[in-house]
Amino acid sequence: MSASSPATVTNFDVQAVKDYLLSLQDHICSTLETVEPTARFKEDAWDRPNGGGGRTRVIAGGEVIEKGGVNFSHVMGDNLPPSATVDRPELAGGRFEAMGVSLVIHPNNPMAPTSHANVRLFIVYKDGMAPVWWFGGGFDLTPYYGFDEDCIHWHQASYDAVEPFGEGYYSRFKKWCDEYFYLKHRGEPRGVGGLFYDDFNEGSFEHCFGMMQSVGNTFTKAYLPILERRKDLPFTEQQRDFQLHRRGRYVEFNLVFDRGTHFGLQSGLGRTESILMSLPPEVRWTYEYQVEVGSEEAKLTEYYLTSKDWLIAR
């Protein structure tokens, strides 16, 4: 079954997916806390009158993690918002439920990259149609000062997460990630990529759910070694200033282009505080900000933020 053809089989287990997502949130939070000596995640449970809700977990002001959030949400609604039907007009007006885990980690140290991941399941119910479901997710890395070994490790983990589920999945989802996390108005990628896939229903529900679990379980294996390598490196005020300016690009993408942000805000069923938790606590925009030619800061855009096959570099 192609990704452009909605899955309409009915033998899917929504509760199993929800149970997994809750356990994934627990695992990621507890794992991140092993490298953070001074702060812990605080949970904020929320609900909606229609039965939807979520668990927002935020960590802030840590020695290693300046701000981070690992959120679970499960929301339902009577009408799909425009962001969900732009490529599927036949589903307009359908009832839906969506559940997922989404996270963003903003470290203190400019040598440590920001990371983002999410995994999700979307189901549409419409009269005269069998339920339509699809999965989505992935993870991506946004460095400020790049290191080849980090990029290679990140992409090797990406390959290992999805390639067992289909030959060519890594190259396909890497390309999708490069194209999706791209700031068109800046003419540059947000980071060094990773994986991104959406509207995914190839094969059985169990097959697709299995890949979602592999992607979710791989995140800490991919990110923790990088964070541990970079969290204690020395840095200067000038490097911190560069980090804050580059964080501005992250904000621009999330507010202007991100489909998940648009869905959460357009549907009216998400929780605004939880949706915008992904934004960094400090960020800086300076009119006509430029970096020195030939500097390490310039190397970020000239070398790292270009389309590369990092696995060839092994």
Less than 4.5 Å apart, any side-chain heavy atom of [X] and any of [Y]?
X	Y	value
E297	E292	no
M212	V17	yes
S115	L141	yes
V58	D44	no
L279	N254	yes
P113	W154	no
L21	V119	yes
P164	Y169	no

[Y] backbone acceptor or donor facing [X] side chain under 3.5 Å:
X	Y	result
Y304	G146	yes
N109	R230	yes
N108	G62	yes
W310	Q156	no
E33	F41	yes
S214	A161	yes

[X] bridged to [Y] by N-O distance under 4.0 Å:
X	Y	result
E163	K174	no
K308	D148	no
E97	K18	no

With side chain to side chain contact (heavy atoms under 4.5 Å, CB included) as the criterion, how do E252 and W285 come out once you've worked through the C-alpha distance, each side chain's angles and the decisive distance to 0.1 Å? CA-CA 11 Å; E252 290 171 20; W285 283 273; 2.8 Å; yes

For the hydrophobic clusters of this structure (ILVMFWY residues joined by side-chain heavy atoms under 4.5 Å, transitively), does one cluster hold both Y145 and Y289? yes

Separation between [atom1] of [X] and [atom2] of [Y], rounded to the nearest 0.5 Å:
X	Y	atom1	atom2	value
T236	D241	OG1	CG	9.0 Å
N118	F139	CG	CZ	11.0 Å
T31	F219	OG1	CZ	10.0 Å
S30	R40	OG	CZ	10.5 Å
E188	Y182	CD	OH	8.0 Å

Over 12 non-hydrogen atoms of neighbours within 6.0 angstrom of CD in Q15: yes

If you count the non-hydrogen atoms of other residues, nucleotides and ligands that lie under 6.0 Å from OH in Y159, is the total more than 12? no

Report the residues that fulfil side-chain contact (heavy atoms from CB on, under 4.5 Å) with P37, sequence neighbours left out, ordered by chain and then residue number. E63, V64

In terms of side-chain heavy atoms, does [X] have a donor or acceptor partner in [Y] at a distance below 3.5 Å?
X	Y	answer
W134	N201	no
Q243	R246	no
T38	E36	yes
T286	H245	yes

Within the 6.0 Å centroid threshold, strictly below: [X] and [Y]:
X	Y	value
Y250	H106	yes
F135	F205	yes
F242	Y144	no

Take I59 and L32 through the test side chain to side chain contact (heavy atoms under 4.5 Å, CB included) and record every step on the way to the result. CA-CA 10 Å; I59 189 169; L32 288 169; over 6 Å; no

Restricting to ring pair (Phe, Tyr, Trp, His ring centres under 6.0 Å), what partner residues turn up for F235, sequence neighbours left out? none

Working note: M129 + V124, criterion side chain to side chain contact (heavy atoms under 4.5 Å, CB included); need CA distance, chi angles, decisive distance, verdict. CA-CA 9 Å; M129 297 174 58; V124 179; over 6 Å; no

Cation-pi check for F147 against R229: NZ or CZ below 6.0 Å from the six-membered ring centre and within 45 degrees of the axis, yes or no? no

Positive for side chain to side chain contact (heavy atoms under 4.5 Å, CB included) with D150, one of L227, I226, V192: I226

F181 vs F253 aromatic rings, parallel, tilted or perpendicular, using cut-offs 30° and 60°? tilted

Salt bridge (charged side-chain N to carboxylate O under 4.0 Å, His left out) assessment of E66 paired with R247: CA-CA 13 Å; E66 187 173 357; R247 280 179 175 177; 2.7 Å; yes

Test ring pair (Phe, Tyr, Trp, His ring centres under 6.0 Å) applied to F200 and F165, step by step: CA-CA 12 Å; F200 185 82; F165 294 87; 9.1 Å; no

With ring-ring contact (aromatic ring centres under 6.0 Å, His included) as the test, pick out the partner of W176 among F196, Y197, Y170. F196

When Ile, Leu, Val, Met, Phe, Trp and Tyr are grouped by side-chain heavy atoms lying under 4.5 Å apart, directly or through other members, which residues fall in the same group as Y287? none

Step-by-step side chain to side chain contact (heavy atoms under 4.5 Å, CB included) determination, D13 to Y20: CA-CA 11 Å; D13 189 344; Y20 166 71; over 6 Å; no

